[in-house]
**Student:** 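Dropping the structure in here first, questions after.
Remember, predicted model here, so these are calculated numbers, not experimental data. Quick note on labels: first sequence line is chain A, next is B, and so on, each numbered from 1.
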Amino acid sequence: MAGKEIKAEKENNAGEKSSTSDSFQIPKKYTPDDEMQMYKLWEDSGYFNPDKMISDLHEESSKTESSTKKEVKSKKPFVITQPPPNANGELHIGHMCGYSFQDCMGRYNRMNGRPTLLLPGKDHAGIQTEAVFTKVLAERGLDKWEIGREKFYHKAYEFCTKNADHARQQEKRIGLSSDWSREKFTLDEGLNKVIFETFIKMFNEGMVYRDEYIINQCTHCKTALANIDTDHIEKKGIFAYIKYPYADDPTKFVTVATTRPETMLGDTAVAVSTDDDRYKDLVGKKVKLPLTDREIPVIAAREVDKDFGTGALKVTPAHSSIDFGIGKEHNLEVINVINEEGKMNDNAPEKYQGMTVKECRDAVIEDLKNEGLLVKVEDFPHEVIVCERCKNDIEQIMSKQWFVNIKSLAEKCIEALDKRETVVLPENQHRVLRQWFEKLEPWCISRQLWWGHQIPVWYCGSKKFFDWKLSNPDKSIEDFEKETGEKVNGCGNAMAAIDKPEKCEKCGKSAADVDIVQEEDVFDTWYSSGQWTFSTMGGPEGEDFKKFFPTDVMETARDILFFWVARMMMMSMYRTGKTPFHTVYLHGMILAADGQKMSKSKGNGVEPADVLKKYGADALRLWYYTATLPGQSTPIMDDKLMGNRNFVNKIWNASRFVMMKLEDLFNENEIKQLDGEINENLMNLKNADDEWLKQTYATATRITDYINKYRFNLAVEELREFFWHTVCDQWIEETKKLIDEDPENKAKFMSRLLTIIITSLKLIHPFAPFVTEYIWQNLKGMGLLEDGHKSGLLMMEKWPVEVE
RNA sequence: GGACUGGUAGCUCAACUGGUUAGAGCACACGGUUUACAUCCGUGAGGUUGGGAGUUCGAGUCUCCCCCGGUCCACCA
């Protein structure tokens, strides 16, 4: 028996013996060192897999009701598709927090008889992993461009697989009862198929399209980014006042003020406010753009703030989103002067071509000064857009990318939120999410990376030709060849397909006769992880999908509400017509002990492994439940963890006391177990006459209620109050007295206490699974649990309160 | 610029739709216990719930103003 074995081992390791009862083997102190032994029992039992619960049910019913042939109906499954951590690095204390809540809900529902699936996985995390792994390669003296795309992909895959193995061990260490047989990686073949199918469906329905648009270009990561992949931070900058001469009278000027003088090379207008009398007469006239030979119009736009700067705004539609908007409205020419690498391109005057943006800025300032067109340069702190990942400056440039028009999906999500088909906790985030859906722009999903899903688009001819045709719809293939000097073999059509098409759908020519080449870009990571709730289940046709979709709860952190949760809702609306989960639970954020955000540079981070070693998984979990409330952020502090460790030890010792007393009782009376009183007590807890048992049941009811309302902090506080201060401090002490006064009834008093302990262990188990299971195995070893679940595991015991 | 959020004991935080005397852990003071646990037990001190006004029979909780933090969104060049 497992319980016996563990007990024996404990005795050997303990090194200290009870001073009260030398014969008693259970050590005084609970040490978390062998928590993983319990994990092994759970894992080996097979019950992390919900199918085992379902098949048990069939087995049982065929035994008892074989003649009636009644249809077996299990309770509704409980499902969480777990947020997949990035497969490129270590898990942090926040991951563990999420797992603790997911596992708590999972264990609670499993004990309630619901076949429970916690579906684990790992995320390939496109841009981040590509950056991390490129660095790893560099450390090995390798360059990604040298080894090439295919090799890079394979090596990155290996790298992630190795990290994932490591992460999985940490996940087990916190007690996560996931079905590892179903673990997925976002680049698994089965998932890829679903993701490609989604794209192809969108493509054929016209929801995805290629367009030239102002996008965020990270010149460091060398890829386009969606708005959400950027941050805004304040940086020191300059504010340059530049004179633009009137075209018809070079002695007169209009002065514009800008933080980005270099972009003036792409200016196509000067805008003034519609109600600015100072410039009234200028509107409609032209000015000469300095350093170039172009003349640009002066226009009136309501976006312009007449009180800011000089009240005259230089308009560069290609490199500023506000200017882009003005340009669209006034039909301005768009001149892109910065390329994907952040250098000045052929559209800039020859002198500046090839300069970096910064070099060009200095050169432009210098040249303006020489021409007497520079009024002044002020220091000016202003907001700049940076890459969310690498924190380098973003250039806004015109670029051709793949976009998804997600407006209709966003509308469906708003409807689902309004109907409360999905509820976000805390409630304020429900409204925040709703507002976010309301102002969604088309989503740029193409990334110029290698690590990810290569977009399943095939061009007849070449991508360059297709893109050229986008901008030159009226021109011919001959024009293209003349302009670019490149030959093209194909009609310029684009098709979506998983495998290379055998012929072009448009011109009908076979792949042998024309070039059919695949798009090189990959999907934005969130495009694939947005499908996580059903891609992990084989897609809308999958076996698991039929059994387990929609899922129940999405438990995650606030910072990926828009990135991920919103995308999952939209993608699920698209593929399944349903919202993928009824509840989004956003746990709180964990800060360092000093109240600051944890960060590597500050060195104030807390390593999960250290905490686990020092206090144990149960103590850490108990802290999470009470401290990391939705919508809050909370510092992780040693004394709090210590308090929770003490509680774990208290549970251990109270149980130890009961076991000791019972062993004494058995020895005195030469019996091996109590009569059926325990089971009777447990069965009748609900209707007990005994005051203590009544109170125990009332507590169980309250805790059940709290869990159902996702108020985990109150559940744990109630448990602590009840177990520590009522059961231990009052009832155990009282029982000692009762036994002293009335030794004849010792068995009766002890069986009442044991009933209370057993019930408490069940109630505590979802929160602190290790210590409770450990005790359970010891109780089992003593023969005190006759009527338990056939697995012999507390994990599989029935929850003390009936939940519908 | 917009939105959200917090200010409660020395510290970190609780307190369901407004409802007894605002709670807990840690820290503190005093006492106890050596036969479950010193990772223990008991007792105690500690609060004008950031400030001000209002609604109400009743406000930590609702409304308004002010002060101080935090977070997110955003195209003031």
**Student:** Among all residues two or more places apart in sequence or in another chain, which pass the side chain to side chain donor-acceptor pair (under 3.5 Å) test with A/K613?
**Tutor:** none
**Student:** Can you give me the N/O atom pairs linking the protein to nucleotides 75-77 of chain B at distances under 3.5 Å, or say none if there are none?
**Tutor:**
residue, atom, partner, partner atom, Å
B/C75, O4', A/S321, OG, 3.2
B/C76, O2, A/D305, OD2, 3.3
B/A77, N6, A/D305, O, 2.8
B/A77, N6, A/F308, O, 2.9
B/A77, N1, A/D305, N, 3.2

**Student:** Can you check the distance between B/G6 and B/G10, where both ends of the measurement are the P atom (answer in whole Å)?
**Tutor:** 22 Å
**Student:** Should the pair A/E427-A/R420 be classified as a salt bridge under the 4.0 Å nitrogen-to-oxygen rule?
**Tutor:**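 Salt bridge between A/E427 and A/R420, a charged N being under 4.0 Å from a carboxylate O: yes.
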**Student:** Please name the pair of heavy atoms, one in A/A269 and one in A/L332, separated by the smallest distance, quoted to 0.1 Å.
**Tutor:** CB-CD1, 3.6 Å
**Student:** Strictly by salt bridge (charged side-chain N to carboxylate O under 4.0 Å, His left out), give each pair with a member in residues 322-333 of chain A just once, sequence neighbours left out.
**Tutor:** A/R302-A/E329
**Student:** Distance between the C1' atoms of B/C66 and B/C72, in whole angstroms?
**Tutor:**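 Roughly 24 Å separates the two C1' atoms.
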**Student:** Salt bridge check, A/R434 against A/E438: does any charged N sit closer than 4.0 Å to a carboxylate O?
**Tutor:**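 Yes.
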**Student:** Is a donor-acceptor contact shorter than 3.5 angstrom present between the side chain of A/E733 and the base of B/A36?
**Tutor:** yes
**Student:** Output yes when A/R711 and A/E718 qualify as a salt bridge under the 4.0 Å nitrogen-oxygen rule, no when they do not.
**Tutor:**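 No, this pair does not count.
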**Student:** Give me the distance, rounded to whole Å, that separates B/U63 from B/U56 when you measure between the P atoms they each carry.
**Tutor:** 16 Å
**Student:** Which residues in residues 610-624 of chain A have at least one heavy atom lying under 4.0 Å from any atom of RNA chain B?
**Tutor:** none
**Student:** Please determine if a side-chain N or O atom of A/Q429 lies less than 4.0 Å away from the OP1 or OP2 oxygen of B/C72.
**Tutor:**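 So the side-chain polar atoms of A/Q429 never come under 4.0 Å of the phosphate oxygens OP1 or OP2 of B/C72.
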**Student:** Considering only the C1' atoms, how many Å lie between B/G44 and B/U39, rounded to the nearest integer?
**Tutor:**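 Taking atom C1' in both B/G44 and B/U39, they lie 23 Å apart.
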**Student:** In whole angstrom, give me the gap between the P atoms of B/U20 and B/C64.
**Tutor:** 25 Å
**Student:** Regarding A/K661 and A/E663, does a basic nitrogen lie under 4.0 Å from an acidic carboxylate oxygen?
**Tutor:**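 The answer is no: the pair does not qualify as a salt bridge.
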**Student:** When the C1' atoms of B/U49 and B/U61 are considered, how many whole Å apart are they?
**Tutor:**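 Comparing C1' positions in B/U49 and B/U61 gives a spacing of 10 Å.
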**Student:** Work out how far the P atom of B/G46 is from that of B/C41, and round it to whole angstrom.
**Tutor:**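 Those two atoms are separated by 23 Å.
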**Student:** Hey, does the side-chain of A/K28 have a donor or acceptor N/O within less than 3.5 Å of a partner on the base of B/C37?
**Tutor:**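 For A/K28, whose side chain was compared with the base of B/C37, there is no donor-acceptor pair (under 3.5 Å).
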**Student:** When only distance counts, do a donor and an acceptor, one from the side chain of A/K736 and one from the base of B/A36, lie under 3.5 Å apart?
**Tutor:** yes
**Student:** Using 30° and 60° as the class boundaries, would you call the ring planes of A/Y30 and A/Y774 parallel, tilted or perpendicular?
**Tutor:**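 Because their plane-to-plane angle is over 60°, the rings of A/Y30 and A/Y774 count as perpendicular.
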**Student:** Heavy-atom nearest nucleotide on RNA chain B for A/V658 versus A/D231: which residue maps closer to 5'?
**Tutor:** A/V658
**Student:** Just by protein heavy atoms under 4.0 Å, how would nucleotides 15-23 of chain B read 5' to 3' in B, S and -?
**Tutor:** SS-------
**Student:** What's touching nucleotides 24-32 of chain B from the protein side, N or O pairs under 3.5 Å?
**Tutor:**
residue, atom, partner, partner atom, Å
B/C26, O2', A/D639, OD2, 3.0

**Student:** Between A/F239 and A/A257, which heavy-atom pair has the shortest distance, and what is it?
**Tutor:** CZ-CB, 3.6 Å
**Student:** Base, sugar-phosphate alone, or nothing: which one does A/F324 contact when heavy atoms must sit under 4.0 Å apart?
**Tutor:**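 No contact.
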**Student:** Measuring only the P atom in each nucleotide, how far is B/G70 from B/G23? A whole number of Å is fine.
**Tutor:** 32 Å
**Student:** So if I apply the side-chain hydrogen bond (donor to acceptor under 3.5 Å, both in side chains) rule between A/R260 and each of A/H382, A/Q396, A/E395, which one comes out positive?
**Tutor:**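 For A/R260, the side-chain hydrogen bond (donor to acceptor under 3.5 Å, both in side chains) check succeeds only for A/E395.
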**Student:** Within the structure shown, what part of the strands sits under 4.0 Å from A/N649 by heavy-atom distance: base, sugar-phosphate, or nothing?
**Tutor:** base
**Student:** Is A/D379 paired with A/K236 through a side-chain N to carboxylate O contact shorter than 4.0 Å?
**Tutor:** no
